[in-house]
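Basis for what follows: all heavy atoms, side chains included, without hydrogens, waters or symmetry-related copies.
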Amino acid sequence: CLAVLIYAVLLRLLYLGVPELLFEEAYYWNYAKHLDIGYLDHPLMVAWIIRGFVALMGNIEFAVRAGAFVCWLATAWFSYRLTRDVLGQAGALRALTLVAVLPVYFSIGLFMSPDAPLAACWAAAIYFMHRIVIREEARAWLWLGVAIGLGMISKYTFVLLVAAIVLFVLFDRPSRKWLARPEPYIAALIALVLFSPVIVWNWQQDWASFAFQSQDRLASKFTFSLPRFAGNVIALLTPTGILSAIALVVCRRQLTSGFAASVVS
């Protein structure tokens, strides 16, 4: 696992500035050339990350993508910490290897897009939520608020995780005790403050971005193809993910017993 992990990281790092920018990356680079607190189709995070690294390194491909690599490091770190807490060191190392080699995570760490900070904030939010639910760490609520706020200014789809967290706290009986404490509300306030620039920009622009990502998306023509969907899933997971899914089915009893033992310990 260590050998594969080091190879995957070095491979990504060495080729970070070699390919020309994708159309989407050039589009986000143009965001950074016209820095603002909001844009039509995405929040501000991708533009500000690119602007910071371009200012440090110059107007080159490596600088545009450096933020994606840093966000991948954050994703890998929180994934490792979460898995280590749940399954131990060996399981954490295997999870870290998957984060390094699965095509979806490999591409997130190589090409700059809003998905790079989204993945990092998503992993961070799940990690801190685990600290809250399992270890009952009150301070983790503050970091959860930071993760949610940064995730919301990365990509609007982060609201799906926010909804899941809220529903979990409401329906999980042991977690409902937090509703009588100030930490969740402080976390919500932190998230709202971090997300407020996007709200202000939308208010100034007649809610253009919110409308574009909601009612305009719903009004557009929608088509679904099951074979295409299955093909995309296989392409994103191949080859390691497919083998891992098969191993999960074959070895589910051993995995379940190992997880139970780690929880007891």
task: Start with the C-alpha gap between W141 and R181, add the side-chain angles, then the distance that decides, and say whether side chain to side chain contact (heavy atoms under 4.5 Å, CB included) holds.
output: CA-CA 11 Å; W141 277 105; R181 299 185 56 172; over 6 Å; no
- prompt: Would L161 and M152 count as a side chain to side chain contact (heavy atoms under 4.5 Å, CB included) if you check the C-alpha gap in whole Å, the side-chain angles of each, and the deciding distance to 0.1 Å?
  reply: CA-CA 10 Å; L161 181 59; M152 287 298 298; over 6 Å; no
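- Following chains of ILVMFWY side-chain contacts shorter than 4.5 Å, one can reach M112 starting from L56, so the two form part of one hydrophobic cluster.
- Note that CG of L189 is 11.0 Å distant from CG of L142, once rounded to the nearest 0.5 Å.
- Residues Y80 and Q89 have side chains that bring a donor and an acceptor to within less than 3.5 angstrom of each other.
- One hydrophobic cluster holds both V162 and L167 under the rule that ILVMFWY side chains link at heavy-atom gaps under 4.5 Å.
- The pair E137-R139 fails the salt-bridge criterion, with no side-chain N (NZ, NE, NH1 or NH2) lying under 4.0 Å from an Asp/Glu carboxylate O.
- Judged by distance alone, the side chain of T75 and the main-chain N or O of A120 form a donor-acceptor pair under 3.5 Å.
- Minimum heavy-atom separation, H42 to K155: CE1-CE, 4.1 Å.
- A donor-acceptor pair shorter than 3.5 Å cannot be found between the side chains of S79 and Y127.
- A donor-acceptor pair under 3.5 Å is absent between the side-chain atoms of D172 and the main chain of F168, judged by distance alone.
- Counting heavy atoms from C-beta outward, F195 and L150 have side chains that stay 4.5 Å or more apart.
- Annotation: the span from M45 atom CE to I153 atom CD1 amounts to 3.5 Å, rounded to 0.5 Å.
- Here L118 contributes atom CG and S154 contributes atom OG; the two are 6.5 Å apart, rounded to the nearest 0.5 Å.
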Can I get a per-line list of side-chain donor-acceptor pairs under 3.5 Å for residues 92-107, giving both atom names and the distance, sequence neighbours left out?
unit_1: T97; atom_1: OG1; unit_2: L93; atom_2: O; d: 2.9
unit_1: S107; atom_1: OG; unit_2: P103; atom_2: O; d: 3.1
unit_1: S107; atom_1: OG; unit_2: V104; atom_2: O; d: 2.9

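- Between A32 and R51, the shortest heavy-atom distance links the atoms O-NH1, 2.8 Å.
- Both W143 and V166 are part of a single hydrophobic cluster, where members link through side-chain heavy atoms under 4.5 Å apart.
- Of all heavy-atom pairs spanning A191 and I148, the tightest one is CB-CG2, 3.8 Å.
- Residue W203 places its CH2 atom among 12 or fewer non-hydrogen atoms of other residues, nucleotides or ligands, all under 6.0 Å distant.
- Taking the six-membered ring where tryptophan is involved, the planes of Y39 and Y31 are essentially parallel, since the angle between them stays under 30° and well short of 60°.
- P197 places a side-chain heavy atom less than 4.5 Å from the side chain of L44.
- The aromatic rings of F158 and W122 sit perpendicular, their planes meeting at an angle over 60°, well past the 30° parallel limit.
- Across all non-hydrogen atoms, the minimal contact from C71 to A116 is CB-O, 3.5 Å.
- D115 places no side-chain N or O within 3.5 Å of a backbone atom of I108 that could act as its donor or acceptor partner.
- Side-chain heavy atoms closer than 4.5 Å link hydrophobic residues (I, L, V, M, F, W, Y) into clusters, and following such links, possibly through other members, connects L11 to V18.
- Residues Y28 and I50 meet the side-chain proximity criterion, which asks for heavy atoms closer than 4.5 Å.
- The line from OG of S113 to CD of E24 is 8.5 Å long, rounded to the nearest 0.5 Å.
- Judged by distance alone, the side chain of W48 and the main-chain N or O of D36 form a donor-acceptor pair under 3.5 Å.
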query: Under the side chain to side chain contact (heavy atoms under 4.5 Å, CB included) criterion, do N59 and W29 qualify, and how do the steps go?
result: CA-CA 10 Å; N59 220 20; W29 169 82; 2.9 Å; yes
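- Shortest non-hydrogen contact noted between A125 and L144 is O-CD1, 3.5 Å.
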- request: Check the pair R135, D85 against side chain to side chain contact (heavy atoms under 4.5 Å, CB included), reporting the backbone distance first and the verdict last.
  value: CA-CA 10 Å; R135 299 184 181 272; D85 288 351; 4.0 Å; yes
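- At a threshold of 4.5 Å between non-hydrogen side-chain atoms, the residues I126 and H130 do not count as touching.
- Distance CG/L87 to CZ/R84: 12.5 Å, rounded to 0.5 Å.
- Atom OH of Y7 sits in a sparse spot, with 12 or fewer heavy atoms from other residues, nucleotides or ligands closer than 6.0 Å.
- With ring centers used as reference points, Y156 lies under 6.0 Å from F210.
- Of the possible polar contacts, one joining the W201 side chain to the G38 backbone as a donor-acceptor pair under 3.5 Å is found.
- Residues L192 and V198 are members of one and the same hydrophobic cluster, defined by side-chain heavy-atom contacts under 4.5 angstrom among Ile, Leu, Val, Met, Phe, Trp and Tyr.
- The nearest pair of heavy atoms linking R131 to A140 is CB-CB, 3.9 Å.
- Here the side chain of R65 pairs no donor or acceptor atom with the backbone of F111 at under 3.5 angstrom.
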